[in-house]
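Below is one structure; the comments refer to it alone.
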Amino acid sequence: MNSLAARVPGLLRERSFRRYWTAQSVSLIGDQISLIAIPLAAVLVLGADAAEMGLLKTAELLPALLLSLPAGAWIDQRARRRRIMIAVDLFRALLVASLTVAYVLDLLTFAQLYVVAFALGTLTVLFEICNATLFVSLVPKDCFVAGNSLVNGSRAMAFASGPATGGMLVQLLAAPLALLVDALTFLHSAALLARIAPTEPPPAVRAKGYVSEGLRWALRHPTMRAMIAASGTVQFFNLMFHTLFVLYATTELGLKAGLLGAILGVGAVGGLIGAAAAGSVVRRIGIGPAILLGFAGFTLPLLLVPLAGGPTSLVIALLVLSEFLSSIGVMLVDIASGSLLAALMPDALRSRITGASRTLNYGFRPLGALAGGALGTALGLRPTLWIATVGATLCLLWLFPSPVPRLRTLPGVATSPAPLLGSDPAPHPPPRIANQASQEGRTNQQPRRMT
């Protein structure tokens, strides 16, 4: 029994982090179900074409472009980011459930899909920006890679089980009915987040240039700037790809919903391998080379998707191989880059930098979705997928001349490339995990305000 307990990662022995990690894990599985159920609802229930799929994906992703920067500025002034995350989970559950209700009443329309997609995108912006601060409130800096490995391991498990579960639920029930499962996962996540009480960084003091300060910091920092450029390139072309992938797989390749979900699930097992191996890879080759390897491993295997053709068995093999290898790469790049960016950001600017990076990164997503829908209509699905997969590999050109390849370890403290208005010249490191009694006893206390 003691030997079994010794094998449990140290972070999971901390009750607060364990509840946080479980909340993330449950919600991620629900997200994967929605990822396949909502597009299939548009295709199978409402008969969506390429342009309508592009509009649906754009509605979901547009909030990242429009709202991330102001959301980061607003959140940095809040003392209780965790409570915002709980409220977001509850609202997301209601929105997803509304699609099921409309379907049962035979009232489901494209207009409702677009509105719900935009609202979900808005709430996701708020959740993820808050989550960046909650993570560093629970995890010490020397455990960032381990913490990100656990969270991304759950994400890989969600990739492995979610699409297959979603595809099967869609096939057995209907796409809108399958969304009820996602609504329940949001409720479960909210309940778990309500049971932790970390000490969060104090609210930032508003000063001249407050809203744009995170953006200016990100653009001045050479490492952050290169990472944002590389990620933005991937986001744009990858969303061209994902906007059309379900339509391409079901129409041109002739795959059923259940089989498509199974292919994505089997291929995503690579994500589990990537999450498990990320820590070792980072220790062996360094954080910067691991990021390069992750970006290459994520983008290059996707070239197999537009290459797929011929007998069904060959199509399935190519898609599984593509998903498997790409999932290894995306786990490596997410764990390594997520740990690096978390270490670089000063606490006083964390939400604003996160909002700025989401604006610059995820802001390319709706543009990619629109481009995918337009090119898919004008050129056809397969030619557009070739453009998307080849274009995504260009992300490496931003990284090679940057400081990233030379980085071997995480920086000891978050630093700013130049003095900024209202920023702390020497931010303190994020707090260490305390025991549960201490965590819960500090619920109503404020940590020392930074000068």
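This chain uses plain numbering: 1 for the first residue, then up along the sequence.
One N or O on the side chain of Arg350 and one on the backbone of Met345 form a donor-acceptor pair closer than 3.5 Å. In this structure, Arg195 contributes its side chain and Ala191 its backbone to no donor-acceptor pair below 3.5 Å. A side-chain donor-acceptor contact under 3.5 Å links Arg18 to the backbone of Leu12. Under a 3.5 Å cut-off, the side chain of Thr384 and the backbone N or O of Leu375 do form a donor-acceptor pair. Not one N or O on the side chain of Ser68 forms a donor-acceptor pair closer than 3.5 Å with the backbone of Ala356. A donor-acceptor pair under 3.5 Å links the side-chain atoms of Thr122 to the main chain of Phe118, judged by distance alone. The backbone N or O of Leu319 sits nowhere less than 3.5 Å from a side-chain atom of Ser322 that would complete a donor-acceptor pair.
In the displayed structure, Tyr114 atom OH is contacted under 6.0 Å by more than 12 heavy atoms of other residues, nucleotides or ligands.
Atom OG1 of Thr359 is separated from atom CZ of Phe364 by 11.0 Å, given to the nearest 0.5 angstrom. Separating the CG atom in Asp89 from the CG atom in Leu94 is a distance of 11.0 Å, to the nearest 0.5 Å.
No side-chain donor from either of Ser27 and Ser189 sits under 3.5 Å from a side-chain acceptor of the other.
When the options Thr185, Asp182, Leu120 are evaluated for a side chain to side chain contact (heavy atoms under 4.5 Å, CB included) with Arg92, the one that passes is Leu120.
Residues passing the side chain to side chain contact (heavy atoms under 4.5 Å, CB included) test with Ala296 are Leu300, Leu396, sequence neighbours excluded.
A cation-pi geometry, defined here as NZ or CZ lying under 6.0 Å from the six-membered ring centre and within 45° of its normal, does not hold between Arg382 and Tyr248.
By the 30° and 60° cut-offs, the orientation of the rings of Phe135 relative to Phe144 is tilted.
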